[in-house]
Visitor: 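What follows is a structure written as structure tokens; I'll ask about it next.
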Amino acid sequence: MKAAPFCYHRPGTVAEAVETLAAFGDGAKVLAGGQSLVPLMALRLARAEHLVDLGRIAALRYVRGAADSVAVGAMTVQAAAGRDPVIAASVPLLARAIPFIGHFQVRNRGTVGGSCAHADPSAEIPAVAVTLDAELEASGRGRPRLIPAAKFFTSTFTTSLEPDEVLTALHFPVWPGRSGFAVREFARRRGDFAVAGAVCAVTLGQGERIERVAIGLLGLGAVPLRAAAAERAATGTAAGDLDVTEIGHLAVADTDPPDDVHATPGYRRRVGVAMAARALTAALEEAAHG
Ligand SMILES: Cc1cc2nc3c(=O)[nH]c(=O)nc-3n(C[C@H](O)[C@H](O)[C@H](O)COP(=O)(O)OP(=O)(O)OC[C@H]3O[C@@H](n4cnc5c(N)ncnc54)[C@H](O)[C@@H]3O)c2cc1C
């Protein structure tokens with residue numbers, strides 16, 4: 001099958017892209033790397049009368065490190081972000097999540113912003129954004145605004161972006177101190193979307209106590225989730241006394257995973273327990289020993 005006919009626009013600036021989106025309203029869609037949108041259009045599961053290709057807007061492709069945060073332009077290709085030295089040093093969780101995305105062909109075209117705007121609940125970059133409390137920057141006809149990741153993802157394939165807004169950047173906080181980071185997920189075949197997974201960041205303080213921990217879950221709900229009860233239970237505990245399996249059970253306790261051809265909710269939860277426990281174990285190991 002082929003996509004339904006559409007008009008193609010290739011703006012040179014974000015302002016031009018916003019004007020084009022505003023002019024055509026619901027009939028227009030942003031095109032980034034095309035790795036999700038183009039197959040959906042070819043299968044006629046998505047339709048757009050106007051495609052607004054951001055590919056020419058070089059100003060949306062960058063990685064900028066500051067003392068306490070790293071900004072990643074929305075059109076930064078996933079593979080470039082995955083090998084960026086600033087991201088590797090300052091936001092290791094993002095660098096570690098990217099190799100789990102599809103295949104290298106997908107990562108060479110797919111963008112960091114496109115992954116978030118697409119909002120697949122099994123996607124890795126949205127889970128990292130929610131776990132690290134990243135902020136997503138959007139530009140529309142008004143002033144640019146910063147949206148906390150927890151408010152950006154509203155449901156499956158749905159975000160709080162307005163129809164005339166372009167996602168322009170992601171701002172990731174840097175975790176200082178003795179911190180460790182890990183991603184664990186299970187997929188039926190290499191390159192497939194995860195059935196379920198967990199991403200984890202942890203900081204150790206005095207006496208090897210867990211000073212700060214964030215656990216994110218993917219594939220276990222309509223949006224990427226934070227395991228708040230598990231985080232509360234782990235915080236303040238000495239790393240050696242922690243029962244990671246118990247934390248894993250707490251992490252998935254309140255989840256409502258999808259029931260689809262890939263897995264039942266019960267199976268996703270079981271996988272989630274194991275992935276959360278393994279991600280936490282690996283992150284603690286790194287925080288303790290580097
Ligand atoms: C075989 C295959 C396997 C894959 N496996 C995985 C996987 O395991 N994990 C994973 O996370 N992803 C996976 N993907 C999806 C991939 O990561 C996509 O790159 C990503 O979901 C979308 O990014 P994109 O840049 O290609 O966006 P596009 O496909 O161009 O756009 C996706 C959606 O986001 C909107 N959009 C894109 N950018 C913006 C923006 N800046 N502002 C506003 N709206 C925007 C578009 O309008 C569209 O609705 C896979 C894809 C394929 C084809």
Visitor: Is the side chain of T131 donor-acceptor paired with the backbone N or O of A214 at a distance under 3.5 Å, no angle test?
Guide: no
Visitor: For the CZ atom of R184 and the CG atom of L218, what is their distance to the nearest 0.5 Å?
Guide: 13.0 Å
Visitor: Of the non-hydrogen atoms in S160 and K151, which two are nearest, and what is the gap between them?
Guide: OG-O, 3.2 Å
Visitor: Transitively linked via ILVMFWY side-chain contacts under 4.5 Å: I147 with F153?
Guide: yes
Visitor: Please confirm whether the backbone N or O of P257 pairs with a side-chain atom of T255, one donor and one acceptor, at under 3.5 Å?
Guide: no
Visitor: Test: ring-ring contact (aromatic ring centres under 6.0 Å, His included). Region: residues 157-203. Which pairs qualify, not counting sequence neighbours?
Guide: H118-F157
Visitor: Should V128 and M75 be regarded as members of a common hydrophobic cluster, given that ILVMFWY residues are connected when their side-chain heavy atoms come within less than 4.5 Å of each other, either directly or indirectly?
Guide: no
Visitor: Please tabulate, for the side chains in residues 49-59, all donor-acceptor contacts under 3.5 angstrom to protein atoms that are two or more places apart in sequence or on a different chain.
Guide:
from	atom 1	to	atom 2	distance (Å)
H50	ND1	H9	NE2	2.9
D53	OD1	G55	N	2.7
D53	OD2	Y8	OH	2.4

Visitor: Step by step, work out the side-chain contact (heavy atoms from CB on, under 4.5 Å) result for V252 and V271.
Guide: CA-CA 10 Å; V252 305; V271 174; over 6 Å; no
Visitor: According to a 4.5 Å side-chain heavy-atom criterion applied to Ile, Leu, Val, Met, Phe, Trp and Tyr, with indirect links allowed, do L217 and L94 form part of one hydrophobic cluster?
Guide: yes
Visitor: Search all heavy atoms of G272 against all heavy atoms of L220 and return the closest pair with its distance.
Guide: CA-CD1, 4.0 Å
Visitor: Does any pair with a residue in residues 95-115 pass side chain to side chain donor-acceptor pair (under 3.5 Å), and if so which ones, sequence neighbours excluded?
Guide: R96-E286
Visitor: Looking at every non-hydrogen atom in both residues, tell me the closest pair between P224 and A127 and how far apart they are.
Guide: CB-CA, 3.8 Å
Visitor: Enumerate the side chain to side chain donor-acceptor pair (under 3.5 Å) contacts for residues 219-240, please, sequence neighbours excluded, ordered by first and then second residue.
Guide: D133-R226, R226-E231
Visitor: Heavy atoms only: give me the nearest I98-Q78 pair and the separation to one decimal.
Guide: CG2-O, 3.4 Å
Visitor: Under 6.0 Å from the CG atom of D192, do we count more than 12 heavy atoms belonging to anything else shown?
Guide: yes
Visitor: What are the two closest heavy atoms between G221 and P121, and how far apart are they?
Guide: O-CB, 3.2 Å
Visitor: How far apart are the C-alpha atoms of V18 and E165, what are their side-chain angles, what is the distance that settles it, and do they pass the side-chain contact (heavy atoms from CB on, under 4.5 Å) test?
Guide: CA-CA 6 Å; V18 168; E165 277 184 321; over 6 Å; no
Visitor: Is there a donor-acceptor contact under 3.5 Å from the side chain of S90 to the main chain of I87?
Guide: no
Visitor: I'd like a table of donor-acceptor pairs (distance under 3.5 Å, sequence neighbours excluded) in which one partner is a side-chain atom from residues 198-205, with atom names and distances.
Guide:
from	atom 1	to	atom 2	distance (Å)
T203	OG1	S179	OG	2.9

Visitor: Quick one: does T20's side chain have a donor or acceptor within less than 3.5 Å of a partner on E16's backbone?
Guide: yes
Visitor: Going by heavy atoms in the side chains, are L170 and C116 under 4.5 Å from each other?
Guide: yes
Visitor: Would you find a donor on one side and an acceptor on the other, under 3.5 Å apart, between the side chain of S155 and the backbone of T158?
Guide: no
Visitor: Any chance you could measure E162, atom CD, to T159, atom OG1, to the nearest 0.5 Å?
Guide: 9.0 Å
Visitor: Any carboxylate oxygen within less than 4.0 angstrom of a Lys/Arg side-chain nitrogen, looking at D260 and R268?
Guide: yes
Visitor: Tell me, with the steps shown, if R269 and H249 meet side-chain contact (heavy atoms from CB on, under 4.5 Å).
Guide: CA-CA 9 Å; R269 261 193 227 100; H249 280 286; over 6 Å; no
Visitor: With hydrophobic residues grouped by side-chain heavy-atom distances under 4.5 Å, do I125 and L60 end up in a single group?
Guide: no
Visitor: So do the side chains of L167 and F152 get within less than 4.5 Å of each other, counting heavy atoms only?
Guide: yes
Visitor: Considering non-hydrogen atoms only, spot the tightest contact between L161 and A117 and give its length.
Guide: CD1-CB, 4.3 Å
Visitor: Any salt bridge linking E208 with R178? Criterion: basic side-chain nitrogen under 4.0 Å from a carboxylate oxygen.
Guide: yes
Visitor: Please check: side-chain N/O of T76 versus main-chain N/O of V112, any donor-acceptor pairing under 3.5 Å?
Guide: no
Visitor: Taking a hydrophobic cluster as the set of Ile, Leu, Val, Met, Phe, Trp and Tyr residues connected by side-chain heavy atoms closer than 4.5 Å, whether directly or through intermediates, do Y62 and L136 fall within one such cluster?
Guide: no
Visitor: Distance check, rounded to the nearest 0.5 Å: E285 atom CD versus L280 atom CG?
Guide: 11.5 Å
Visitor: Output side-chain donor-acceptor pairs under 3.5 Å for residues 22-44, partner residues at least two apart or in another chain, one line each.
Guide:
from	atom 1	to	atom 2	distance (Å)
Q35	NE2	G33	O	3.4
R44	NE	K2	O	2.7
R44	NH2	K2	O	3.1

Visitor: Considering only heavy atoms from C-beta outward, does the side chain of L242 approach that of L284 to under 4.5 Å?
Guide: yes
